[in-house]
Structure formats: C-alpha cells, structure tokens
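Down below is the structure, laid out as structure tokens.
Only this structure's heavy atoms are used, side chains among them; waters, hydrogens and symmetry mates stay out. Predicted model, so just to flag it, every value in this text is computed and none were measured. Residue numbers begin at 1 in each chain, while the letters A, B, ... track the order of the sequences.
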Protein chains: 2
Amino acid sequence: MDSRVTKARTRRSEAQARAASPDGYAHPFVTVDVVILTLRDGRLQVLLMRRGAEPFRGKWALPGGYIHPEDDGDLDMAARRILREKAGIETPYIEQLRGFGNARRDPRGWTATFAYFALIASDELVLKEGANAEEVAWWEVEGRRVKPVLAFDHAEILASAVARLRSKVEYTSLPVHLLPAKFTLPDLQQVYEQILGRRIDKSAFRKRMAEADFLEPVAGERRHASNRPAQIYRIKHGLATIFFDRTI
Amino acid sequence: MDSRVTKARTRRSEAQARAASPDGYAHPFVTVDVVILTLRDGRLQVLLMRRGAEPFRGKWALPGGYIHPEDDGDLDMAARRILREKAGIETPYIEQLRGFGNARRDPRGWTATFAYFALIASDELVLKEGANAEEVAWWEVEGRRVKPVLAFDHAEILASAVARLRSKVEYTSLPVHLLPAKFTLPDLQQVYEQILGRRIDKSAFRKRMAEADFLEPVAGERRHASNRPAQIYRIKHGLATIFFDRTI
DNA sequence: CCAATAGTGTCTTTCAGACATTATAAC
DNA sequence: GTTATAATGTCTGAAAGACACTATTGG
C-alpha cells in the first residue's frame, strides 16, 4: 500500500505536492466556478475575469476559486461567496450546474470543479471599478460561446450553462431572475423571446404565466411612450422556480 | 485493509492533516458516490454496501471511493470504475447527479462528493458472492428512502437520485435501461407504470414510444401464457436518451 | 368454443396558437 | 380625433385521453 503512495507522489513530483487520499492515491484539487449570466441591452452576457496568475495567465476565465472550509458552510455557500467577492453580487439566483473533472483541464494535473450557474438582473450589477477593474468584464454570448479563448475547460462549462438556460426557459419561470424585482408582463415576454430566439404569442404567454400563478401585481405603472401603461408585477413571496405544465 | 483503517483514524485525530490549496486554505477531500438502481420483482431497489471502516463502520452506504488520478481519465470514468470494482457491473446507464459538499457530512471534516446515478437491468446483476458477500445487498426503495440508516449524507443523495428518476420517467426514455437489451412494449409500459405509480393508457403509451422513434423490432416473440405473443424490441443502435415532446 | 393479452382504431373533449377586439394612455 | 401598446376575447385545428374493437395465441 505504501508503494502505491510512493508511485503516485513520484509521478507528480514536478507538479505540486498534494495530500494522499486515505486509500493512498494522490488527491485532486477541487474548485468552484460560477457562470454568471445577465441580459444587457437585450443581449445575453457572461461575466469573465482575466487571469493574473499561471496557468492561463492573461486568458479570460469564469470567476472561481477554492473552497474555504472555515468560511463556507457548503458548496452553495462557497459559490455565493465567490460571486460576492469576485463580482460584488449579493442576491442572485444560483443553482449547481454539474461537476467537471479530468486530467486535461489543468496543466498542473488532475483537477475537478463544481460549476454553478447564476442569473442576475442588469440593474443589480455593481462591478467593482477598483484596482482590477480592467480584469472584470461582461462578454456577449454568441450561440453558446464568447469571442475570447477561455482558460481551462471554461468554454465547455459556459456552453453547458447556456444550454441549461435555453432549455429551462421552455418550461420554467427562470427568466424572471434576469429582470429587476419589479417588471411588466411585456418586459418578461421580451426576455423569454430573447433567450428562445423566437416570437411568442402574447395571449398564449399570458395564459401560461397566469396559470403558473407565481406573479402578483403591485401598485404603480410604467410608461415608456404615449400608450396604455402596463401593469407592474413581482414574484410572489417565497416562491421557488415554477415548472410549467407545458412548454412555452 | 486494516492498516488503511488505522491510517484514516490517525489522520482524523490529527484534525485535518491535509494539503493546503494554493491560496493557503485547507483542501477538502473529494469522492465519487454512485446510486445504482434496478427493478427486481417489480420493485425499485438500490445497491448498498456495509462499511468496514470508520467513520460509520457497520452502516450501509452507497458504493463510492476516491478518484484515482492515475487510472481515471475523468469523473465519469471514476464512477464507472467504482461501479465495476464494487458491484461488478460493466455496462450501465450512468449520468452525473450533482455534487454534495459541506462541513457536516463527514465527521472528519469538510468533504465533497460527485454523486452519480446508474440504472441497470436486473438480468445484468452479477453481484460478487465472494468474501464480502454479506456486505453488498439490494435494498428496496420505499418512497425516496430505504429501511436502514445510511452513512454520511447518503440518504439525501439517494432521495435526490430517486427524485430525478421519477422526474425523468415523465418525459424521457430512461426506463429502458432498467430492462434487458430485448423487451416487449408491455414490459416497458409496466416499468413506466411501476416508477410513476399510476396506470398509463396503452394506446397513448404506444403512440408516444412510436413517435419518439428509438425502438426497433427484432425477430422472435415472447410468450408467457396462452395469449397473443408480444413483439420484441430493442433500442436503436447508437441512440442516446430520448426526450419526449410531451409528458407521458 | 373461451380466456387472456397484444395491438389498432375511433371519438370526444380539451387546449394551444392565430387572430380580432377592446382598453388606456399621450398628443 | 390619431397613434401606440396593453390586455382580453374568440375561433379553429390538432391532439391527448378514454374507450371500443380486432388479432393471435393456448387450451
């Protein structure tokens, strides 16, 4: 058994010194990465950071980091902390995407990551324009990718996140999290149409939202032009994501 | 094996002799656990193993283990290896469930696991009836749980797996993986009904399967009694899980 | 013949999508 | 009044579900 430890350590000696698992094998590092999506100017955008350290120094990457056992109660809280620290975002919608792990994604050796998927309203964006302002930016998502070449396997993680968003738009209330707390039904329909990439019949859309029963009207109105103002809605308190009976 | 137990205990008593991550924080251990489900005697059952080491010695647990960076190309391959080594199962349907990680699930400290979800046909079961035959067993799933108290947070992982199965049965071809390679449509309908817990109209069920277009008839017939024999089908070669347009 | 289950056809009700109409604002 | 968009109503074709009917075997 000890020979197994020796063998593993020797092969890895040039990379980094890692602890052996209780069964004697080398132990891969694990991280948490977050795909933060928003709608700005009617376009789906993702938050990326430029790496200041090797590997992939200078390349754009998803915000991510190591788990802090002392601070993070669980994986979700680690993801929220990363969102807070790296992007200054406090109250997003967040869900776990899935794990990615293999020997190739990091040149230093076998690593794994728990990828998360967050949606925020563009009015919640308070990007820290501080010391490293140039290193954080929103990039437009074109198809399932962005223009720059991403570090690690982050292009694959991004594609996976966008696929999940597009999929869930069809049958859940997820897109409300891309809007501010108060919005109109035409606003919401526009978000669905933007992500789906097709027009939706107004009547059918409203029927679906009404029977899903997750919105409540609030006093006040919104007026953009000389026409009838739209009713303002917000999500009913305490409701999780709603799954529709049928697709949009 | 006993030395391994001893070593694990020693480690634990030293309160976390773990490598520090590159950012200086302690680095949590990560494992892969697999929820293996099958239908036996018309009942949903899960494969459990009795733990021979601390923590939770003597308790039933999901098959799982550490990643072997030298052997496992990626997370999926690690899960398949565990399935092969611990349950002797070679060619199952397998998909990632999600990650579970927090400070409470393991008394030794902060750990995380990539949970997997596998479906196998009961005729593929070749449980190794060897030295530790008493330590591997199928347990009937009642609701989302099993009778014994499980180690770690494995009850939560099991519940999550059963929920995903029940959910996916509604709109995918997943249940075919609970049947042998060749089966009849009445067989398949029975599986759907068993997992859904309700009857399905024969005509509607066949329409759905026909338009999903993932089955092909093979020569031969199956006869259980003095009645009309049923056509035998198998999955069309190279097809992944089919998502139905509508729910069952 | 009968019993039992496989497999197909028909009918009715429901509902999604298309489209029309009314409502309410500014000017 | 006109214009523009919000909001609701109506109509029609498609299809899902309920149910009936036919097919094929053993006894």
Checklist entry - How would you list, by chain and number, every residue that makes a salt bridge (Lys or Arg N to Asp or Glu O under 4.0 Å) with B:Glu216, sequence neighbours excluded? => result B:Arg234
Checklist entry - Does A:Phe205 have its ring centroid less than 6.0 Å away from the ring centroid of A:Tyr192? => result yes
Checklist entry - Can you check whether B:Phe114 and B:Phe100 have ring centres sitting under 6.0 Å from each other? => result no
Checklist entry - Atom CE of A:Met209 to atom P of C:dA16: distance rounded to whole Å? => result 12 Å
Item to check | Shortest non-hydrogen contact from B:Pro180 toward B:Ala121 | outcome: N-CB, 3.6 Å
Checklist entry - How many Å lie between CD on A:Glu170 and P on C:dA16, as a whole number? => result 14 Å
Checklist entry - Is it true that B:Glu95 and B:Lys168 have a side-chain N and a carboxylate O under 4.0 angstrom from each other? => result yes
Checklist entry - Which class fits the ring pair B:Tyr93 and B:His177: parallel under 30°, tilted 30 to 60°, perpendicular over 60°? => result parallel
Item to check | Whole-Å distance separating the CD atom of B:Gln189 from the P atom of C:dG7 | outcome: 11 Å
Checklist entry - What string of B, S and - do you get for nucleotides 6-12 of chain D, 5' to 3', when a contact is any protein heavy atom under 4.0 Å? => result BBBB---
Checklist entry - Just how far, in rounded Å, is P of C:dT5 from CZ of B:Arg199? => result 11 Å
Item to check | Rounded distance (Å) that lies between atom C1' of C:dC19 and atom CD1 of A:Ile200 | outcome: 17 Å
